[in-house]
4 protein chains.
Amino acid sequence: MALDARLVRTRAALTAALLALLEQTAFDQITVRQITRTAGVGYATFFRHYPDKQALLNDLAAREIRDLLELAAPVLFASDSRAACLALCRFVDSHRTLWSTLLTGGAATTVRAELLVGAGRIAAARPGADDWLPADLKVVWAVGGVIDVLTWWLRQARPYGYDRIGEILDRLVVGPMTAGPVTRRP
Amino acid sequence: MALDARLVRTRAALTAALLALLEQTAFDQITVRQITRTAGVGYATFFRHYPDKQALLNDLAAREIRDLLELAAPVLFASDSRAACLALCRFVDSHRTLWSTLLTGGAATTVRAELLVGAGRIAAARPGADDWLPADLKVVWAVGGVIDVLTWWLRQARPYGYDRIGEILDRLVVGPMTAGPVTRRP
Amino acid sequence: MALDARLVRTRAALTAALLALLEQTAFDQITVRQITRTAGVGYATFFRHYPDKQALLNDLAAREIRDLLELAAPVLFASDSRAACLALCRFVDSHRTLWSTLLTGGAATTVRAELLVGAGRIAAARPGADDWLPADLKVVWAVGGVIDVLTWWLRQARPYGYDRIGEILDRLVVGPMTAGPVTRRP
Amino acid sequence: MALDARLVRTRAALTAALLALLEQTAFDQITVRQITRTAGVGYATFFRHYPDKQALLNDLAAREIRDLLELAAPVLFASDSRAACLALCRFVDSHRTLWSTLLTGGAATTVRAELLVGAGRIAAARPGADDWLPADLKVVWAVGGVIDVLTWWLRQARPYGYDRIGEILDRLVVGPMTAGPVTRRP
DNA sequence: CTCTAATCGAGACGGTACGTCGCGTCTTACG
DNA sequence: CGTAAGACGCGACGTACCGTCTCGATTAGAG
């Protein structure tokens, strides 16, 4: 059952190498050779663990995304959306470097797609009330909005506190979905 | 002043070919050879017009994006945001195939980035009131939201009317920026 | 009969340009574009005068070679071979730059072949006595030897006088063909 | 120390392929793709072994030329020049196909240059007596003469025996260098 | 503590696409 | 309305990377 120690070590090295490279370069521009050299691993060894580059990225992202979605799901349906948003931002804040890489680095497209799929699956399981907003647009909207705000946040040099972003998220993303028709400030 | 007729013809052929291919394949997967074959043009000829694949896409996207932004700009600042949203959607609707390709095809990332830059430039020229929402996040948010909704829209098999999407846009994107703090429906 | 004046001018320009370039570069490395630019002539114009690069070189070389052969022929058959050799060298000396280019530049192979053909034709017309040396080898030998010596001569920084080379030619090339079996110096 | 077996096999295949093609085509007209296809080797693989076409030819020629020069050197300096010439011709005769390709095929220019360099190096090591014939001209002359005669020989349909050519070589090339001033047959 | 099988490094290899260059043709705009 | 300029199709170049493969050389973990 327990995996060979070398196996674990090599995969960790590859994952770490990809993350390191993603901080500098777009995913598409990274070559397998760069990854293996950075990881201090033989070139062919890469393919003994992953069928290709994309598989490594997926493996890497999938784990984190699964965790994030467990926190993000309530954002869509929670009764207390503000608390949910705050929890979400606190999670991202505590994995700041990783998520910074995932969202602002070259993997953004993959992560966005992966998140959409995950969120869609969750939403499908909880059919919401019939609404002025189609259900799947709701998902696209929520995921897109969250990613946009988080990406912006993680790009800031002196970042805002997670509580402030949580509040912004709540107002920008959740608000208009639950709120009634637009009402202007006086 | 007038350009050589062959020059115009070739560039048009290349642009059309790329668009055609983008409907089927992700931009990164398209090869220059596919483009030139589709365009009925010699391989090397491509490089006499564009330094590389990306340049052709940029050239193609930049034109449409410029037009779109002239319509989209008011969305951020118009007093009558609903009318602005409707105009925006009507424009996209009347170039449906093209924008469908640009947003749902392989060029999405480029178009998003390009739109962000353009919108950022416009926004910078009009310093808004100091707000609970940072100015650049506002831009990211608005552009991201518009793209997300439009992308979803263009992906629908039997699309909604542009007027309905315009209203959704107004409520989802513009609403929370101009509205006061979240107010729940009773 | 009289050729168009422009025609003559263009051909002269092309010929001169090729010669100029041959001083620096091997013939194979010279491009038609270089030639036309150097000649101050449109690219396509080249092909209105010569079917390709080689044709220009042939045209250029053929004329000089014809002249040279009229002097060189006697070398093979003259009763006074020394005088013939001297005449040959005097001719080359008086066209030193041109022949320097032809023999030490990139056209050497062509010139050698062209000379062989010319000399062969002359030799065929004058069937020599049956000999220990096959007639066609005689031609190859004589032409090769003359070219080798001349090439070496033209490459010298401070060249020998043409009279000295004439004498060397006589001893090296003509001597063994006319002389009896090898006789060593005591 | 021992080279990878695949490496050896591939290089041998490439060398053989080039030789085969050289029998039909001038070196300049041969493409790397022809070579690799003939060798049954991937195109890019060629460049893992040789920086370009010329390098393969050099590699191929250099080996044979080294062997030849070890036999040819005595021609210049041997006391018994006739025996040396015979040995030289016997060597070429026993590698007839290869040398036929090298001298009468498209590689002639390269081989001639390569031979000149090699012979020059050997001659430089043995400063000869001060002579009426400059030392370096002597080398040019000897190498050129040997090549001319051998080339002619190898081109003959029904070739002369190597002994006859050896004698001719001796009389044509060696004779005039060692003999005194020209003496005519009575 | 050994033995054996899994894992590894190294890198050659067949492919495919790249972007460049030169040839020789053929169209075009201009004088 | 003819001609110089140059766009074009073609195809070879040399480079880069992919994913496969074959080598030995460790080296982990079961006996």
Side-chain angles (χ1 to χ4, degrees), chain A residues 2-11 13 28-37 39-55, chain B residues 1-11 13 28-37 39-53 55, chain C residues 6 10 28-37 40-48 50-55, chain D residues 2-11 13 28-37 39-53 55:
Chain A
L3 289 174
D4 191 316
R6 289 167 294 181
L7 220 144
V8 174
R9 204 185 316 138
T10 300
R11 292 197 185 178
D28 287 336
Q29 308 307 321
I30 298 173
T31 73
V32 174
R33 263 189 168 94
Q34 279 179 284
I35 299 175
T36 54
R37 262 201 252 283
V41 151
Y43 174 70
T45 301
F46 182 94
F47 299 97
R48 289 188 191 108
H49 295 275
Y50 304 98
D52 55 24
K53 225 181 8 171
Q54 190 66 50
Chain B
M1 194 63 224
L3 288 175
D4 192 317
R6 289 168 294 178
L7 226 142
V8 175
R9 203 187 315 137
T10 300
R11 291 195 185 179
D28 287 336
Q29 307 307 320
I30 298 173
T31 72
V32 174
R33 233 159 203 122
Q34 280 180 283
I35 298 175
T36 54
R37 262 201 253 282
V41 151
Y43 175 72
T45 300
F46 182 93
F47 300 98
R48 292 192 183 104
H49 295 275
Y50 304 98
D52 54 25
K53 227 182 4 172
Chain C
R6 288 168 299 179
T10 300
D28 287 336
Q29 309 307 321
I30 298 173
T31 73
V32 174
R33 246 169 189 112
Q34 279 179 285
I35 299 175
T36 54
R37 263 201 251 283
V41 152
Y43 176 71
T45 302
F46 182 94
F47 298 97
R48 274 184 218 109
Y50 304 97
D52 55 25
K53 222 180 15 171
Q54 190 66 50
Chain D
L3 288 175
D4 191 319
R6 291 168 294 178
L7 225 141
V8 176
R9 202 187 319 135
T10 299
R11 292 198 184 176
D28 288 335
Q29 309 307 320
I30 298 173
T31 72
V32 174
R33 252 181 181 102
Q34 279 179 285
I35 299 175
T36 54
R37 263 201 251 282
V41 151
Y43 175 71
T45 299
F46 182 93
F47 300 97
R48 292 192 186 103
H49 296 275
Y50 304 97
D52 55 24
K53 227 183 1 173

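The sequence lines fix the lettering, A, B, ..., with proteins before strands; numbering per chain opens at 1.
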Using atom [atom1] of [X] as one end and atom [atom2] of [N] as the other, report the distance to the nearest whole Å.
X	N	atom1	atom2	result
D:D52	F:dG14	CG	C1'	9 Å
A:L7	F:dT26	CG	C1'	15 Å
D:R37	E:dT16	CZ	P	11 Å
D:R33	F:dG11	CZ	P	12 Å
D:D28	E:dC23	CG	C1'	15 Å
A:D4	E:dC8	CG	P	7 Å

Could you tell me whether the phosphate oxygens of E:dT28, OP1 or OP2, come under 4.0 Å of any side-chain nitrogen or oxygen in B:R9?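 True: B:R9 side-chain N/O within range (under 4.0 Å) of E:dT28 OP1/OP2.
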Can you tell me if the side-chain N/O atoms of D:T10 get under 4.0 Å from OP1 or OP2 in E:dC13?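 Yes, within the criterion.
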No-H, no-angle donor-acceptor pair, B:R6 side chain to E:dT27 base, under 3.5 Å: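 By the distance-only test, yes, there is a pair.
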Can you name the nearest heavy-atom pair linking A:A39 to A:A13, along with the distance?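 Heavy atoms only, the tightest pair is CB-O, 3.5 Å.
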What is the minimum heavy-atom distance between A:K53 and A:I30, and which atoms define it?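 Of all heavy-atom pairs spanning A:K53 and A:I30, the closest is NZ-O, 2.9 Å.
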Test your reading of the model: is there a side-chain donor-acceptor pair from B:T10 to the backbone of B:L7, 3.5 Å cut-off?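 No.
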Please table the atom pairs, donor to acceptor, closer than 3.5 Å between any side-chain atom in residues 40-49 of chain D and protein atoms at least two apart or in another chain.
unit_1	atom_1	unit_2	atom_2	d
D:T45	OG1	D:R48	NH1	3.2
D:H49	ND1	D:R11	NE	3.0

Just to be sure I understand the geometry, which residues of residues 43-51 of chain D put a non-hydrogen atom under 4.0 Å away from DNA chain E?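 Close to the strand are D:A44, D:T45, D:R48, D:H49.
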Closer to the 5' end of DNA chain E via nearest nucleotide, is it A:V41 or B:K53?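 Looking at the nearest nucleotide for each, A:V41 comes out on the 5' side.
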If you assign C:I30 and D:G42 each to the DNA chain E nucleotide with the nearest heavy atom, which residue ends up on the more 5' nucleotide?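 The residue mapped nearer the 5' terminus is D:G42.
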In Å, rounded to the nearest 0.5 Å, how long is the span from OG1 of C:T31 to CZ of C:R33?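 Atom-to-atom, C:T31:OG1 and C:R33:CZ are 8.0 Å apart.
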Tell me what C:G40 touches on the nucleic acid: a base, only sugar-phosphate, or nothing, going by heavy atoms under 4.0 Å.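 No contact.
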Tell me, do A:R6 and A:R9 make a side-chain contact under 4.5 Å, heavy atoms counted?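 Answer yes - side chains close enough.
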Any idea which of F:dG14, F:dC18, E:dC23 is nearest the D:V32 side chain?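 Nearest listed nucleotide: F:dG14.
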